[in-house]
K.L.:
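Below is one structure. I have some questions about it.
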Amino acid sequence: AQSVTQLGSHVSVSEGALVLLRCNYSSSVPPYLFWYVQYPNQGLQLLLKYTTGATLVKGINGFEAEFKKSETSFHLTKPSAHMSDAAEYFCAVRLGVNYGGSQGNLIFGKGTKLSVKP
Amino acid sequence: DVKVTQSSRYLVKRTGEKVFLECVQDMDHENMFWYRQDPGLGLRLIYFSYDVKMKEKGDIPEGYSVSREKKERFSLILESASTNQTSMYLCASSPAGDIYNEQFFGPGTRLTVL
């Protein structure tokens with residue numbers, strides 16, 4: 001069965017510091033991986049996704065993530081944190097093959113809340 | 001601009017009431033989803049639908065039902081609301097066929113059951 005683990009429910013960084021949010025997955029088939037961001041009292045917005053090809057994926061707002069198959073990881077990074085990055089971040093995995101009606105389903109991690117200190 | 005809308009941002013109901021949460025998408029997506037979000041538990045899938053009048057149970061369907069009479073609209077129904085259904089409810093949609101595509105989310109409905 002597929003699963004997603006996000007290490008650290010809360011991460012705090014100073015403005016200008018590196019942001020690193022960790023995500024590990026388990027999957028018996030090649031995964032498709034996603035990072036979403038949720039600002040307070042809003043829905044989820046896609047930051048970036050890995051499907052096939054280049055393992056370093058760039059997303060919006062200066063975020064990027066690297067798919068490492070050997071480590072089953074898809075960590076999210078940003079070189080320099082901004083106050084506006086304070087939000088909750090969710091990693092998600094999707095099966096890489098269709099299986100009937102569930103082809104659109106995602107499995108989400110429990111989320112990491114990022115705080116940015118001035 | 002693609003859009004998923006939910007009928008209410010905030011809702012307060014009493015125990016035992018029947019509650020309807022509505023979700024509409026304007027992207028002609030086949031798949032639609034209802035999640036609930038609770039602190040420390042992430043998003044949990046309640047029900048999903050991959051076609052009109054089709055529905056499938058997710059991970060936590062107990063106490064909920066859904067309706068999809070039109071492609072663009074997916075309703076979540078709490079037949080008899082209970083306090084443990086106080087939560088944030090998120091609707092999402094995605095296209096069928098292209099498995100690379102992400103899900104698009106609505107702004108959420110924060111439901112409080114007293």
Side-chain angles (χ1 to χ4, degrees), chain A residues 1-10 21 23 25 27 29-53 57 59-60 65 87-113, chain B residues 1-6 8-10 21 23 25 27 29-60 68 74 88-110:
Chain A
Q2 291 198 319
S3 67
V4 176
T5 301
Q6 290 184 240
L7 295 176
S9 57
H10 287 86
L21 305 182
C23 173
Y25 69 91
S27 174
V29 296
Y32 299 127
L33 295 157
F34 304 80
W35 275 101
Y36 283 85
V37 60
Q38 185 182 33
Y39 298 104
N41 296 315
Q42 294 187 26
L44 274 68
Q45 176 185 356
L46 183 72
L47 267 181
L48 50 80
K49 63 183 177 185
Y50 168 78
T51 55
T52 59
V57 181
I60 61 171
E88 190 159 19
Y89 293 80
F90 292 92
C91 181
V93 63
R94 179 178 181 176
L95 284 180
V97 295
N98 293 339
Y99 61 109
S102 302
Q103 62 185 300
N105 289 19
L106 296 176
I107 297 169
F108 286 87
K110 292 188 178 354
T112 298
K113 198 162 284 190
Chain B
D1 201 17
V2 297
K3 214 164 183 183
V4 179
T5 56
Q6 295 182 228
S8 305
R9 293 300 304 273
Y10 300 92
L21 303 182
C23 175
Q25 51 95 3
M27 296 166 282
H29 286 169
E30 288 77 12
N31 301 324
M32 295 189 74
F33 308 84
W34 275 107
Y35 296 90
R36 67 176 280 176
Q37 182 182 12
D38 300 288
L41 298 179
L43 275 72
R44 293 180 290 168
L45 183 64
I46 305 172
Y47 267 96
F48 65 101
S49 167
Y50 53 88
D51 202 352
V52 177
K53 297 191 186 296
M54 304 297 287
K55 59 185 179 185
E56 295 274 350
K57 292 180 179 179
D59 300 318
I60 52 164
R68 192 161 180 207
F74 193 36
M88 170 72 103
Y89 290 87
L90 292 167
C91 175
S93 71
S94 71
D98 184 347
I99 59 173
Y100 298 147
N101 270 327
E102 71 271 20
Q103 292 182 13
F104 295 84
F105 283 82
T109 296
R110 190 167 291 282

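Every chain is numbered from 1 and lettered A, B, ... according to where its sequence line falls, protein lines coming before strand lines. The analysis underlying the following values was restricted to heavy atoms, covering all of them including side chains, and did not include hydrogens, waters or symmetry mates.
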K.L.:
Would you indicate whether the side-chain heavy atoms of B/Phe105 and A/Gln38 approach each other to under 4.5 Å?
P.N.:
no

K.L.:
Side chain, backbone, both or neither: which part of A/Glu88 has a non-hydrogen atom closer than 4.5 Å to chain B?
P.N.:
side chain

K.L.:
State the CD-OG1 distance between B/Glu102 and A/Thr51, to the nearest 0.5 angstrom.
P.N.:
10.5 Å

K.L.:
Taking C-beta and beyond as the side chain, do A/Leu106 and B/Leu43 meet within less than 4.5 Å on heavy atoms?
P.N.:
no

K.L.:
Sort B/Arg110 into side chain, backbone, both or neither according to what part of it lies under 4.5 angstrom from a heavy atom of chain A.
P.N.:
side chain

K.L.:
So which part of A/Leu46 gets closer than 4.5 Å to some heavy atom of chain B, the side chain, the backbone, both or neither?
P.N.:
side chain

K.L.:
Is there side-chain contact between B/Gln37 and A/Phe90, with heavy atoms separated by less than 4.5 Å?
P.N.:
yes

K.L.:
Evaluate the side-chain proximity of B/Gln103 to A/Tyr36: yes if any heavy-atom separation is below 4.5 Å, no if none is.
P.N.:
yes

K.L.:
Rounded to the nearest 0.5 Å, what separation is found between the CG atom of B/Asp38 and the NZ atom of A/Lys110?
P.N.:
11.0 Å

K.L.:
By a 4.5 Å heavy-atom criterion (distance strictly below it), what part of B/Gln6 contacts chain A: side chain, backbone, both, or neither?
P.N.:
neither

